[in-house]
Structures are given as C-alpha cells and as structure tokens.
Protein chains: 2
Amino acid sequence: MKIGQATIKDIARELNVSSSTVSRALKDYPGISDETKRKVKEVAEKLNYRPNAIALSLRKSRSFTIGVIIPEVVHFFFSTVISGIEEVASSRGYNVILSQTNESLTREKSSIDTMLSNQIDGFLVSFSKETTDFEHFSRLLDHGYPIIFFDRVPNIPHSINVMVDDYHGAYNATSHLISQGYNRIVHLAGPKNLSISKERERGYRDALTNHGIPIDPTLIIECAYGTSDEGFKITEKLFKEQKEKPDGIFANNDIAAAGAILACKSLGYSVPDDVGVVGFSNWQFCSMIEPTLSSVSQPGFKMGSKATELLLDLIEKKLDPDTITEPIVLETELLIRNSSVK
Amino acid sequence: MKIGQATIKDIARELNVSSSTVSRALKDYPGISDETKRKVKEVAEKLNYRPNAIALSLRKSRSFTIGVIIPEVVHFFFSTVISGIEEVASSRGYNVILSQTNESLTREKSSIDTMLSNQIDGFLVSFSKETTDFEHFSRLLDHGYPIIFFDRVPNIPHSINVMVDDYHGAYNATSHLISQGYNRIVHLAGPKNLSISKERERGYRDALTNHGIPIDPTLIIECAYGTSDEGFKITEKLFKEQKEKPDGIFANNDIAAAGAILACKSLGYSVPDDVGVVGFSNWQFCSMIEPTLSSVSQPGFKMGSKATELLLDLIEKKLDPDTITEPIVLETELLIRNSSVK
DNA sequence: ATCGTCAACGCAAACGATTGCAATAAAAAT
DNA sequence: ATTTTTATTGCAATCGTTTGCGTTGACGAT
C-alpha cells in the first residue's frame, strides 16, 4: 500500500544510532564522524530515502510552495505566464500550486483561504474581473505576507505590481494605424474595471489626440467578454449604424480582433485595404489567419519569470518590499503584419 | 512578519482548556459540552482560525494535493485538460500542484521526486516525448501509488489510462476527406513514440484501405515538433517533389495544419478547392483562420475532469484499481468547416 | 458512607525532521 | 593520576493537529 517511504527513523534503526545523528550526517554537519556519515548515506541510498517535505514545512513554517491565482488557464497569455512562473520556481526549488478563479471573486477568496492554510510561502496573483474591492489582499499585505501582482494589478498600498506597458503598446498600435492612413479608428475596449483596459484606452486616446484626430466616443465600445463572437457582433452592428464608416480597428485583444476581421469580411470590406486592424497579446493564431493579424506582443514568459523572481527574493528576504514603490513595467512590441498595412 | 495564523493552542490558551478539547469542539465530537463548543467556535471565529493543513497532512499522511505532470502549459489541449482537472479537484477539496516537463525526461523524473517528497496523494500524468522507458512509473504503480495517465498513455501493467479515441477521430477525418472527393491524401504524422500518433496514423491508413485507396508511404511524413513552420516547410517540399500532386492533408495537429494551409496558398493552390485539409485538436484559432479549419475536437475538459474523478476515487478507496483493465476512451467529434468542403 | 455511572475534559504520543543542550568516552594536558 | 579538552552522539522539545486512554468530579443509587 503505502509506498513505505523510508524515514530518518528507519535509517536510525538500521544503524542503531539516533535520528539526530542521521539528520546531521545527511547534511554533513560537523561533529559527526566520517565513518558514520558514510554509513548513513549508504543506508539512505539503499532505502531510497527522500526527506518528507511536509514534516520539514511544519518544522520550518515554510512550504517551499508558491500559490498562483489566475483567472483562466486556457488563455494564451496567462498560460505563457504560468510557463515562466513554473520555470523559475522549479529551478529555485519551489513548487507551484495553481488555482484558476474563472473570473469569480468567490473562488478567488476561497482559493486564497485554502492556500493560506497550506502554508503557502507567497502569492502570485492576477485577480478576477469581478474583483473591485481588494481588502482580502491588503489584509495579507499589511501582515507582510509576500504577494506579487501581475498583469491585472490593484492600486493599493504596498502592493508590488508587475505589468506590461499597456499604455505605450496601445499608443504605438494606434499611431501605427494612423500612419498607415487610417483615421476613423474604432476601439474595442476591455472590461472597465481592469486597469489594463483603462491604460490601453488611454493609449488609444492619446495617440489620436497627439495626431490631431478628435475622439469620437461612439467609436469606443466595451467588449466585456472578449470572445470572437462578441467582436463579430459589435463590429457588425457598429459598421451598420455609423453613417461615416470607420476604417480602422484597435482591439483590446486578439480574439475580439479576429472576430472583427470576420465581421468586416462578411460586410464586404477588405482588410487591410478598407479597414486596418490591430489586436493585443499576439496569440499564436495571429500569423495563421488571413490576413495575418498585427498585434501588440506582451512578454508573458518574462512577466511570469520576473514576478516569480521578485516573489522568491521577497520570501527569502533578499529583497525589502519597501524598496519597491513603482510598478515593474515590461515593454511591449508591436508586431506589424498584413492586417494593418495598406 | 508571520501572519500570526492562530493555532488551536491559541484558542486553548484563551479559554483555559486543552488543545484536545478545542480540536474536538471544533469538529463537534460527542463528549464536549455545548457550552464549551460554543465558546471554542466563538474564539476560533474571533481569531480567524484556519486549521494548518501541513500539520494535518503530517498527521494523516495525506496532503489533499494531487500532482499534475504535463509536457507544456502553453498548449490549447493541455491547458483545457488542466482546467478540467482544477475544476474537479477544487470542488472535492484538493489542491493541484503543477509541473511542466517541457518534453524533457529528466525534468519528468525530478518533478516526480519532489512531488513524492511533498506527500502528493496521487499523480495525473501525460508523459514527455522523450519518455520511452516507464520504469519510474511502474515502480510507483507496483507500490499501489495512485496514478492516472491521460492522453499520452503507456502500455504497462496496472496503469489506468484515459485517452481520446484517436483512431476513430483520424479515421473519420480521413473518411470525410475521401467522401469529399479528395483521394491523394497526405498525413502529417506526430512523433512516432507516442501511441496517440500511432493511433492517428492507423486511423488514417485504415480509412484509406477501407475505401480502396492504396497507401503511399511517401505521403506519410513525421512532423516531430508540430510547429506551424515545420508544417509549412514539409508541405512545401512535399508538393514540389511529388509528380502527382496530393489533394488532401490530414494533419496530426492543428498548428501543422495551419502551416500546411499557408504553404498551399503560397504555392498557388486553393484550399479547399485544390487541397482539402483537416487538423486535430480543434484549437481556438480553427474558426478564425481563412479558410476555417476542419478539425477533430478532443474533449479536453472532459478528459481532465474524468481523470481527476478517477484519481480521487482511487485515493479515497472508492475505486479498486484492479477493476479497471481497459482504458477509458473518450469520443472525439469531427468539426467540418470550410477547409475540407469543396 | 460507599460505590458505580457518566459527562466532560486533559495527558501524552504520534506524524518526520531539526537543533540547542547535554552526556559520554577517549585523548591530551597537567 | 587527575583534570581539561575534543570528538561524537543522544535526549527532548518543537512545529500544529488528532486521538486512545486516563482522570476528574458530580450525581444518583444502594
């Protein structure tokens, strides 16, 4: 049944020594004879001894495990972030325990609770779309509990935030459309309570303004779900209603952008000849669709690895949280493909 | 510093009772007066008491955590499976700890080791492309350690396997192409050491044979990496070399299929008029590319949830492993889109 | 007054590993 | 020969919780 994992006691019994001796021998403490060390290690090998991490955690109040709270796993950007997290964590000897909230605040809170009782060493979180009150986080922060927020970050005291430069990403994307000669540009925006959505919209607005193009509020529409269908329907409706046809679309995300392209085609508009389109996130499919979709690439892997490095430094006290007052901002890159070049 | 998580002892001290009493009161054991129970619960609430899962694990030799070993996270199918796993696990009170092997056998083994020392209650594994020897798994199985394999499953004694019906998925896809009038059909195959690749190829072969079409080995080519680029290059090369042009492509995966479509277009062939294409996995982008890509949909979420249910039943002894001798096979569904309909 | 019964609770060991503080014996110094 | 030093090891507490068993005192019955 039980895989009979050998314990320190088994080794001790086999050699007629105490468990303290075994423990010390295994870690090459001074004050243990070489002879004993040799024998202990030999038996440990023979019994295929593996230290019981649970017992260690209890003793040290450290679990060497970090908790990741993420809205959804089936998502190109988030899964890429996870990949970065996993990479750094495992190379530094930490486990990753994962919980997806499915954008539900209730699950977010309960995940935090169970992780806390599992003595997680720290959190990496990107909160849900439902989360508007951050008390459940600030309570932890106030106690000095290590948390790093990434991508979707809150504006609360002491939080350490890792984010991408959504503003400039959006600004560049919009400017690019303008420079290509599009000037009646739609913005398919994201959920209003996420700061990333706001930043992207701000980038869009500033780009227009700085290029002398007036902002038309009827061209800014919220795509709350960010699905292809939603993008399709909103675009279709918009193009039918507007007297003066738009000729550009800057979407908050690639999926909505893809939906928008389909809508344009179905309405008989050519992309990029009649309408230029740029998305956000650079999903894998961007280079596979027709026309290939220009997009703002977010450094997902980098974000995951950077956030994890910060968290582990925090946990291991190599980093004083108070020294970080500004968010860590990672650069985006505008990848120009066919959808936005006349 | 420490988030001062209250322990049972804190409650005990506050009420001048022993920790045993507190423990029992909290779990409504008989032999504790209602008065005491009330007070204990009150104080527990006040101190925001959360049982220490680590201590519990140590005591019970159970961690209520399952380990997931997966080749990569940034993958539509696998991330969908994870989603299913997470769903069931969390609803049944288990944590999920995740490790991606990046297709490396070494990492696969070391992940298993660290998870073992973390007293994981059981494993959910889809092994790496490098894994050809399964001794590190069978050793665990022999000890009765709960493991469920999914998607990429081994052929070893006592293993419980959850897989999709790759054979029929491939068979149907190929038959569909044939019925559409394509008859010189290429197969972009997967890595040869994975049984899923073999099954898909077998489905392809049988479909041809049963429809009276001879099998041409030069039309079966391994796409070991499954990238879009690889699919593009292999297809380009193939079409240039073959005297008698192929008119159909059944790809082992969608990404390669997408690459193949691009290659066809660049060579001046129309999809679906000149060449019909069907992929595998039904990635999100299938309905966003031009033409929309027909694909065999695998029930990823279902696979994750089913595998997890089995594992937890195994762990909780609601299920005797010996009663399961056949693999659990989940049905696929052929989604016909524009890439394969003339 | 004595005994048994029962409700209500505490003691202490256990899970596996670590670690400060002895303890022991042998070797060295006096 | 006696004391001091040094090398090597063991004891026991600790982390937080559970649980078998023992203890305590009140109460009714005799």
Side-chain angles (χ1 to χ4, degrees), chain A residues 1-41 43-44 47-65 93 114 116-121, chain B residues 1-41 43-44 47-65 93 114 116-121:
Chain A
M1 233 319 332
K2 228 196 205 157
I3 182 152
Q5 267 296 22
T7 75
I8 257 189
K9 291 186 187 173
D10 297 322
I11 303 180
R13 199 175 315 117
E14 180 117 353
L15 290 169
N16 274 320
V17 295
S18 75
S19 11
S20 352
T21 304
V22 175
S23 172
R24 284 188 267 247
L26 287 172
K27 324 208 100 173
D28 273 330
Y29 267 50
I32 301 290
S33 70
D34 290 348
E35 173 65 6
T36 309
K37 284 183 188 171
R38 201 186 47 73
K39 282 197 285 190
V40 166
K41 287 176 183 171
V43 177
L47 298 183
N48 191 30
Y49 170 77
R50 298 262 169 274
N52 183 321
I54 296 284
L56 261 166
S57 298
L58 183 58
R59 184 92 225 286
K60 309 246 175 176
S61 313
R62 287 281 318 277
S63 61
F64 285 93
T65 301
T114 72
L116 276 179
S117 64
N118 275 281
Q119 309 297 107
I120 287 289
D121 291 341
Chain B
M1 237 310 341
K2 225 191 205 165
I3 181 151
Q5 266 297 21
T7 75
I8 262 190
K9 291 186 185 172
D10 297 322
I11 304 180
R13 198 176 316 116
E14 179 117 355
L15 290 168
N16 274 321
V17 295
S18 73
S19 7
S20 350
T21 304
V22 175
S23 173
R24 284 188 265 248
L26 288 172
K27 325 208 100 172
D28 272 330
Y29 269 50
I32 301 290
S33 72
D34 291 348
E35 173 66 6
T36 309
K37 285 182 187 171
R38 202 187 46 72
K39 282 197 288 191
V40 166
K41 287 176 184 171
V43 177
L47 299 182
N48 191 30
Y49 169 75
R50 299 262 170 273
N52 182 321
I54 296 284
L56 258 166
S57 299
L58 183 57
R59 185 92 227 285
K60 308 245 177 179
S61 311
R62 288 280 318 277
S63 61
F64 285 94
T65 301
T114 72
L116 276 180
S117 64
N118 274 281
Q119 309 297 108
I120 287 289
D121 291 343

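A, B, ... follow the sequence lines: proteins, then strands. Residue 1 opens every chain. This structure is a prediction, so every number in the text was calculated from the model and none was measured.
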Could you state the atom-to-atom distance from [atom1] of [X] to [atom2] of [N] in whole Å?
X: B/Asp28; N: C/dA8; atom1: CG; atom2: C1'; result: 15 Å
X: B/Asn52; N: C/dG16; atom1: CG; atom2: P; result: 17 Å
X: B/Glu35; N: C/dC9; atom1: CD; atom2: C1'; result: 14 Å
X: B/Leu116; N: C/dG16; atom1: CG; atom2: C1'; result: 16 Å
X: A/Asp10; N: C/dA14; atom1: CG; atom2: P; result: 15 Å
X: A/Arg38; N: D/dT8; atom1: CZ; atom2: C1'; result: 16 Å
X: A/Ile54; N: C/dG16; atom1: CD1; atom2: P; result: 11 Å
X: B/Leu56; N: C/dA14; atom1: CG; atom2: C1'; result: 14 Å

CD1 of A/Ile54 to OG of A/Ser63: how many Å apart, nearest 0.5 Å?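 If we round to the nearest 0.5 Å, A/Ile54:CD1 and A/Ser63:OG are 9.0 Å apart.
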Separation between CZ (B/Arg62) and CD1 (B/Ile120), nearest 0.5 Å, reads 11.5 Å
Holding to side chain to side chain contact (heavy atoms under 4.5 Å, CB included), I want the full list of residues that pass it with A/Arg59, two or more places apart in sequence or in another chain. none
Nucleotide nearest [X] (side chain, heavy atoms from C-beta), chosen from [options]:
X: A/Ser33; options: D/dT9, C/dC9, C/dT18; answer: D/dT9
X: B/Leu58; options: D/dC15, C/dC15, D/dT9; answer: C/dC15
X: A/Thr7; options: D/dT9, C/dG16, C/dG10; answer: C/dG16

A/Leu47 vs A/Ile11 side-chain heavy atoms within contact, under 4.5 Å: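 They are in contact (side-chain heavy atoms under 4.5 Å apart), so the answer is yes.
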Non-hydrogen side-chain atoms of A/Asp10 and A/Arg13 separated by less than 4.5 Å: yes
A/Ser19 side chain vs A/Ile8 backbone, donor-acceptor pair below 3.5 Å: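 No.
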Please check: side-chain N/O of A/Lys37 versus main-chain N/O of A/Lys27, any donor-acceptor pairing under 3.5 Å?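 Not confirmed, A/Lys37 side chain does not pair with A/Lys27 backbone.
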Taking side-chain hydrogen bond (donor to acceptor under 3.5 Å, both in side chains) as the definition, give me every residue that meets it alongside B/Ser57, ordered by chain and number, with sequence neighbours left out.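 Applying side-chain hydrogen bond (donor to acceptor under 3.5 Å, both in side chains) to B/Ser57 gives none.
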According to side-chain hydrogen bond (donor to acceptor under 3.5 Å, both in side chains), who are the partners of A/Glu14, at least two apart in sequence or on a separate chain? A/Lys46
Would you say B/Thr36 reaches C/dC9's phosphate, i.e. side-chain N/O to OP1/OP2 under 4.0 Å? yes
Please check the phosphate of C/dA14 (OP1 and OP2 only) for any side-chain N or O of A/Lys9 closer than 4.0 Å. no
With axes from five pairs an end, tell me the bend angle of the helix from C/dA1-D/dT30 to C/dT30-D/dA1, nearest 10°. 80°
At 4.0 Å (heavy atoms only), tell me whether [X] reaches a base, stays on the sugar-phosphate, or touches nothing.
X: A/Pro51; value: sugar-phosphate
X: A/Asn16; value: sugar-phosphate
X: A/Val22; value: nothing

Each nucleotide of nucleotides 19-26 of chain D classed B (base within 4.0 Å of a protein heavy atom), S (only sugar-phosphate) or -, in 5' to 3' order, makes BB------
For A/Tyr49, what residues pass the ring-ring contact (aromatic ring centres under 6.0 Å, His included) criterion, not counting sequence neighbours?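 Partners of A/Tyr49 by the ring-ring contact (aromatic ring centres under 6.0 Å, His included) criterion come out as none, since no residue qualifies.
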